[in-house]
**Q** 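Here's a structure for you.
In the text below, chain A, chain B and the rest are named by the order of the sequence lines, each starting its count at 1.
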There are 2 protein chains.
Amino acid sequence: MNDLSSIAEADKIESKIKSKSPIQLSKGGTNLTDFNRTTTRRVLVVEDDASLAGFLSAELQDHGFAVDIIRDGETALNKLMEKSAYDLLILELNLPKLDGISLIKHIRPTFPRLPVLVVTARNRTEDKVAALVSGADDCLTKPISLAELLARVRALLRRNGGLIPISSTVGDLTFHREDRRVERNGRRIELTPREFALLDVMIQNAGHPVSRSALFERVWNTASEPSTNIVDVYMKYVRDKVDHPGEPRLLHTVRGFGYELGPK
Amino acid sequence: MNDLSSIAEADKIESKIKSKSPIQLSKGGTNLTDFNRTTTRRVLVVEDDASLAGFLSAELQDHGFAVDIIRDGETALNKLMEKSAYDLLILELNLPKLDGISLIKHIRPTFPRLPVLVVTARNRTEDKVAALVSGADDCLTKPISLAELLARVRALLRRNGGLIPISSTVGDLTFHREDRRVERNGRRIELTPREFALLDVMIQNAGHPVSRSALFERVWNTASEPSTNIVDVYMKYVRDKVDHPGEPRLLHTVRGFGYELGPK
DNA sequence: CAAATTTGTGAAAAGATTGCCAGAATTTCC
DNA sequence: GGAAATTCTGGCAATCTTTTCACAAATTTG
């Protein structure tokens with residue numbers, strides 16, 4: 001498993017592969033957005049068409065995911081129930097033994113946060129709606145575009161944190177989750193718990209703007225909007241510790257939206 | 001026609017539209033702060049039964065949607081063609097002048113992605129099938145359950161996974177709705193909230209001209225006509241960032257009407 | 001071609017958002 | 001309990017965004 005192969009490199013491969021997309025997508029996406037990931041995301045593909053399953057599996061593995069394939073709904077349900085080790089479920093709707101929608105309904109109570117990406121045939125939009133109504137998180141229509149698939153898989157994994165890497169690196173900033181150690185350029189950065197949580201969310205979304213409300217929800221663990229400028233204040237605290245004068249800035253403002261972490 | 005069009009803002013529109021004006025039920029109030037969070041979704045209800053139309057409209061509005069009601073198919077078609085200003089179409093099949101299925105067939109070529117939710121009477125499964133075949137995205141059977149209606153409307157409008165794609169590509173321009181990222185040719189494009197909303201509407205209507213008033217309605221979230229050249233000014237801002245000198249132009253002027261996004 | 005209409009451009013005023021600070025409230029730790 | 005660290009609030013200043021308006025440029029019309 002070529003786990004550590006940087007995703008940016010994998011994206012170059014992507015552009016070589018002829019896209020099976022109906023729409024011509026831009027060349028490769030030029031994704032500088034996923035920085036070094038140090039843990040593997042585990043994906044369960046439940047798909048009864050062998051060739052599509054093979055395609056999905058190969059592409060996802062090329063992009064650094066660990067993939068298991070199961071061909072029918074019943075086996076998938078058993079596997080999920082006995083082993084809750086997946087970060088994402090990719091699901092065909094027409095499945096032998098237990099259809100996709102029933103499968104979602106069965107697993108949702110047990111795994112309320114597991115991201116489920118549904119794959120449907122074209123012209124079956126009522127299925128699509130039914131899937132979303134019954135608890136799928138996202139939906140793709142055949143024929144599947146590789147770029148779109150990867151974009152959505154990443155978006156889903158990013159949304160609720162997915163599987164959290166033990167350590168991450170953005171530019172010259174390293175972030176060690178388990179022992180709460182943060183360094184930039186060898187210099188140790190001491191963060192308070194909230195500051196750490198804020199930088200954690202930024203790290204998990206490195207290269208992507210994060211909205212102020214998303215930050216508030218995840219760092220302050222609440223469902224409402226911030227009623228004060230608390231997010232901004234903490235962003236300043238973290239900035240003061242991370243971005244020293246003379247160093248290139250890592251924490252950028254996205255005006256009217258939120259903040260973004262990344263070299264620029 | 002006992003229109004409820006007692007809303008002041010409707011005045012200007014009435015004078016401009018030649019045929020019978022639809023009931024204007026959009027709630028006014030351009031709130032700059034909330035347009036960033038959640039753009040108000042605009043729903044067109046085409047329903048000939050006044051009481052059902054009223055019910056739908058009231059409930060949808062209570063849940064934060066802007067709703068217009070039209071009572072016959074022909075007027076609906078005109079309104080849609082004149083302004084591509086809706087995010088969702090809710091459609092009765094039995095309509096005066098132009099039935100629902102014909103309406104769908106007429107608008108699909110122009111609005112390939114507009115979500116259409118059809119409402120049918122019970123015991124008319126052949127209608128249901130016909131509607132789905134001819135391009136409807138989902139189907140509800142009377143009597144309508146409110147929870148079901150809202151669930152399906154939301155499913156259809158879901159930014160990621162519904163019918164509106166998480167990211168779109170036009171030529172070498174890629175647009176990531178979810179995380180507010182826009183790139184052309186690998187070059188990152190930073191947009192202010194309004195610029196982003198404007199480009200979003202253009203992207204959703206790529207390949208088709210969008211009228212100036214439709215842009216104003218959707219980007220500025222209002223029911224009236226622009227009283228200044230604000231749309232043109234913002235189009236220039238977006239152009240300056242998207243169409244750099246030397247690159248093929250993507251944002252074109254459609255004289256006397258509005259603008260169109262697309263390679264050409 | 002000139003007049004009329006429509007669209008593009010620059011600049012400045014008005015409006016909003018974000019940065020920053022000082023101090024108050026809360027929690028943690030001894 | 002008290003000191004220290006952390007978290008939070010509110011306000012003002014700096015910065016950026018939005019809007020308006022006057023005029024220039026482009027296009028259509030007569």
**Q** Is the NZ or CZ atom of Arg180(A) both under 6.0 Å from the centre of the six-membered ring of Phe196(A) and within 45° of that ring's axis?
**A**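 The answer is yes, since Arg180(A) meets both limits relative to Phe196(A).
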**Q** How does protein contact run along nucleotides 9-16 of chain D, one letter per nucleotide 5' to 3', with B for base contact, S for sugar-phosphate only, - for none, heavy atoms under 4.0 Å?
**A** BBB---BB
**Q** Over how many whole Å does the gap from Phe257(B) atom CZ to dT7(C) atom P extend?
**A**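 Roughly 11 Å, once rounded to whole Å.
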**Q** Distance check: side-chain N/O of Arg194(A) vs OP1/OP2 of dC8(D), anything under 4.0 Å?
**A**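 Result: yes.
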**Q** Go through the side-chain N and O atoms of Ser168(B) and Arg113(B) and say whether any donor and acceptor fall under 3.5 Å apart.
**A**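 Ser168(B) vs Arg113(B): no donor-acceptor pair found between side chains.
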**Q** Among Val45(B), Val43(B), Asp137(B), Leu80(B), whose side-chain contact (heavy atoms from CB on, under 4.5 Å) with Leu89(B) holds?
**A**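 Testing each of Val45(B), Val43(B), Asp137(B), Leu80(B) against Leu89(B), the sole residue satisfying side-chain contact (heavy atoms from CB on, under 4.5 Å) is Leu80(B).
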**Q** Side chains of Glu217(B) and Asn221(B): donor-acceptor distance under 3.5 Å anywhere?
**A**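 On atom types as modelled, these side chains do not qualify, holding no pair under 3.5 Å.
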**Q** Atom CG of Asp232(B) to atom C1' of dT5(C): distance rounded to whole Å?
**A**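 The answer, rounded to whole Å, is 13 Å.
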**Q** Output all residues satisfying salt bridge (Lys or Arg N to Asp or Glu O under 4.0 Å) with Arg249(A), sequence neighbours left out; order by chain, then residue number.
**A**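 Once residues adjacent in sequence are excluded, Arg249(A) has no partner under the salt bridge (Lys or Arg N to Asp or Glu O under 4.0 Å) criterion.
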**Q** Whole angstrom is fine here: how far is it from NE2 in His252(B) over to C1' in dT7(C)?
**A**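 After rounding, the gap between these two atoms is 16 Å.
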**Q** Is the shortest heavy-atom distance from the side chain of Glu247(B) to the side chain of Arg187(B) under 4.5 Å?
**A**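 Touching, per the 4.5 Å side-chain cut-off.
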**Q** Within this structure, what is the NZ-to-C1' distance between Lys236(B) and dT6(C), rounded to whole angstrom?
**A**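 So the two atoms are 17 Å apart, to the nearest Å.
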**Q** Please give the angle, rounded to 10 degrees, between the axes at the start and the end of the helix from dC1(C)-dG30(D) to dC30(C)-dG1(D), where five pairs define each axis.
**A**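 Roughly 30°, once rounded to the nearest ten degrees.
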**Q** On DNA chain D, does the nearest nucleotide to Tyr234(B) precede the nearest nucleotide to Leu191(A) from the 5' side, or the other way round? Give the residue.
**A**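 It is Leu191(A) whose nearest nucleotide is closer to the 5' end.
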**Q** Compare side-chain N and O positions of Arg212(A) against OP1 and OP2 of dT17(C) and report whether any pair is under 4.0 Å apart.
**A**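 False: Arg212(A) side-chain N/O out of range (4.0 Å or more) of dT17(C) OP1/OP2.
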**Q** Roughly, in whole Å, what's the span from CG in Asp240(B) to P in dA11(C)?
**A**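 So the CG-P distance, Asp240(B) to dA11(C), works out to 13 Å.
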**Q** Name the residue from Val182(B), Leu199(B), Thr192(B) that meets the side-chain contact (heavy atoms from CB on, under 4.5 Å) definition with Lys241(B).
**A**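 Exactly one pass, corresponding to Thr192(B).
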**Q** Could you give the CD-to-C1' distance, from Glu195(B) to dT17(D), as a whole number of Å?
**A**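 Going from Glu195(B) (CD) to dT17(D) (C1'), I get 8 Å.
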**Q** In terms of ring plane angle, is the pair Tyr234(A) and Trp220(A) parallel, tilted or perpendicular, where the classes change at 30° and 60°?
**A**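 Tyr234(A) vs Trp220(A) ring planes: perpendicular.
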**Q** At under 4.0 Å, does any side-chain N or O of Tyr259(A) touch on OP1 or OP2 of dG19(C)?
**A**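 Affirmative; the distance criterion is met.
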**Q** For Phe216(A) and dC8(D), what is the distance between atoms CZ and C1' respectively, to the nearest whole Å?
**A**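 So the CZ-C1' distance, Phe216(A) to dC8(D), works out to 11 Å.
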**Q** Would you kindly give the CG-to-P distance between Asp243(A) and dG19(C), to the nearest whole Å?
**A**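 That distance rounds to 12 Å.
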**Q** Between Trp220(A) and dT7(D), does any side-chain N or O lie under 4.0 Å from OP1 or OP2?
**A**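 For Trp220(A), the contact criterion (side-chain N or O under 4.0 Å from OP1 or OP2 of dT7(D)) is not met.
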**Q** Look at Arg42(B) together with Asp68(B) and state whether they make a salt bridge at an N to O cut-off of under 4.0 Å.
**A**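 A salt bridge is absent here (no side-chain N lies under 4.0 Å from a carboxylate O).
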